[in-house]
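In what follows, every heavy atom counts, from backbone to side chain, and hydrogens, waters and symmetry copies are set aside. Below, chain A is the first sequence line, B the second, and so on; all start at residue 1.
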There are 2 protein chains.
Amino acid sequence: MPQNESRLAHMLDKLKAQHFRITPQRIEVLRILAGSDGHPSVETIYEEVRRDFPTTSLATVYKTVTLLKELNEVLELGFPEGGNRYDGARPYPHPHLICTTCHRIIDPDLESLEGVTRELASETGFQIISHRLDFFGICPECQEKKN
Amino acid sequence: MPQNESRLAHMLDKLKAQHFRITPQRIEVLRILAGSDGHPSVETIYEEVRRDFPTTSLATVYKTVTLLKELNEVLELGFPEGGNRYDGARPYPHPHLICTTCHRIIDPDLESLEGVTRELASETGFQIISHRLDFFGICPECQEKKN
DNA sequence: TTGTTAAACGAAAATGATTATCATTTTAAA
DNA sequence: TTTAAAATGATAATCATTTTCGTTTAACAA
Ligand SMILES: [Zn+2]
Ligand SMILES: [Zn+2]
Ligand SMILES: [Zn+2]
Ligand SMILES: [Zn+2]
């Protein structure tokens with residue numbers, strides 16, 4: 001998976017460029033975020049990191065994720081019910097499709113959003129900085145299981 | 001404001017129809033939610049209710065808002081940072097425009113979302129139940145103040 | 001009107017994800 | 001290596017929201 005490796009390399013370069021230290025725990029968190037397309041939670045990342053580094057603290061995972069967020073290297077999908085999810089492969093705003101049954105989160109292809117944003121800006125005078133678009137529904141697999 | 005009164009009447013009817021009791025505190029919360037277009041927070045509702053009923057508990061406001069949410073009579077805009085906001089005038093999913101400076105929340109007019117939803121469903125096989133669309137930016141007034 | 005009863009209220013404790021604290025360990029550069 | 005600053009790990013603190021539970025009250029019938 002060359003794309004993941006380049007994402008990982010990019011993240012590492014960014015940390016180095018800003019003189020953040022490269023620690024084993026950080027490398028592991030970066031690797032998971034760069035390599036996963038499933039929008040993992042902090043808890044998921046934590047469990048995976050602890051397979052290789054069993055003494056890792058949950059606080060370290062939080063701190064690393066927060067750092068990457070500030071560096072715009074991970075997209076945080078905050079949910080008020082808790083259990084935020086993270087996208088390290090596409091760290092820019094993009095729509096998500098969330099299965100309310102199995103909680104998987106998918107990146108759908110949707111092009112028409114930029115036009116909507118422009119329309120909105122010209123209509124309201126707002127300077128649009130960012131957006132968040134979530135669709136909630138039931139994925140094909142979960143629809144199948146119901147029958 | 002006849003539209004607000006009809007919203008209030010509708011909410012009261014729904015509570016009565018399902019044999020929930022009509023209390024002074026509930027009426028007050030309903031009135032605020034039905035009459036406000038500013039997407040108030042629980043704290044805001046609480047302060048306003050306490051003007052007329054100073055002994056009202058914050059828990060009562062939470063319980064009433066939660067009840068209305070379950071009855072689909074209020075739309076909850078949850079934010080992971082806390083301080084959720086509520087729309088009792090339009091209790092169905094609709095896009096929002098949020099000023100990151102003064103935190104005002106506006107309902108913009110946007111029609112093109114239903115088409116996007118249909119496209120998404122046919123592309124992914126998901127059964128789309130709901131959505132959440134927030135745009136973040138700086139409102140004209142806050143842009144002005146910066147200069 | 002009054003009495004009855006389950007629902008709602010108010011106050012306070014509990015919850016739970018996230019953040020802050022701080023002593024100890026470790027990275028990175030001289 | 002030595003050194004200083006940064007990162008880690010364990011734990012406490014935070015804070016919006018939920019739960020608990022004893023008291024009050026709305027709704028309804030007598
Ligand atoms: Zn599913
Ligand atoms: Zn994504
Ligand atoms: Zn503003
Ligand atoms: Zn709204």
Next item on the list: Take B/R50 and B/R21, find for each the nucleotide of DNA chain C with the closest heavy atom, and name the residue whose nucleotide sits nearer the 5' end.
Entry: B/R21
Check: In whole angstrom, what separates A/L58's CG from D/dT8's P?
Finding: 13 Å
Next item on the list: Give the rounded distance in Å between these two atoms: OH of B/Y46 and P of D/dT18.
Entry: 16 Å
Checklist line | Distance-only side-chain donor-acceptor flag, B/S57 / B/T60, under 3.5 Å | finding: no
Note to self: Suppose we call a contact any N or O donor and acceptor under 3.5 Å apart; does that hold for the side chain of A/R26 and the base of D/dA7?
What the structure shows: no
Next item on the list: Please tell me which of the listed nucleotides, D/dA10, C/dG10, C/dT5, lies nearest to the side chain of B/Q25?
Entry: C/dG10
Notebook entry, point to check: To the nearest Å, how far apart are B/E70 CD and D/dT18 C1'?
Noted result: 12 Å
Next item on the list: Give a yes/no answer on whether the side chain of B/T55 brings an N or O atom under 4.0 Å of OP1 or OP2 in C/dG10.
Entry: yes
Item checked: Heavy-atom donor-acceptor pair, A/R104 side chain to A/G38 backbone, under 3.5 Å -> no
Next item on the list: Answer yes or no: does a side-chain N or O of B/Y62 lie under 4.0 Å from OP1 or OP2 of D/dT17?
Entry: yes
Item checked: Steps toward side-chain hydrogen bond (donor to acceptor under 3.5 Å, both in side chains) verdict (B/H94, B/D107) -> CA-CA 8 Å; B/H94 58 277; B/D107 290 341; 3.0 Å; yes
Check: DNA chain D: B/V42 or B/T23, which has the more 5' nearest nucleotide?
Finding: B/V42
Note to self: When you measure from the side-chain N and O atoms of A/N84 to the phosphate of C/dT18, is any distance below 4.0 Å, counting only OP1 and OP2?
What the structure shows: yes
Notebook entry, point to check: For DNA chain C, whose closest nucleotide is more 5', that of B/F20 or that of A/K63?
Noted result: B/F20
Next item on the list: Choose from D/dA26, C/dA28, D/dT18 the nucleotide whose nearest atom is closest to any side-chain atom of B/P24.
Entry: D/dA26
Next item on the list: In whole angstrom, give the distance that lies between atom CD of B/E76 and atom C1' of D/dA16.
Entry: 11 Å
Next item on the list: In whole angstrom, give the distance that lies between atom CG of B/L67 and atom P of C/dA8.
Entry: 7 Å
Notebook entry, point to check: Same hydrophobic cluster for A/I129 and A/V116, using side-chain heavy-atom links shorter than 4.5 Å among ILVMFWY?
Noted result: no
Item checked: Donor-acceptor under 3.5 Å (A/S36 side chain, A/L33 main chain) -> no
Check: Between A/F79 (CZ) and C/dT18 (C1'), how many Å, whole number?
Finding: 16 Å
Next item on the list: Specify the separation, in whole Å, of atom CG of B/L68 and atom C1' of C/dA8.
Entry: 14 Å
Next item on the list: Send over the distance from B/I27 CD1 to C/dA8 C1', rounded to a whole Å.
Entry: 13 Å
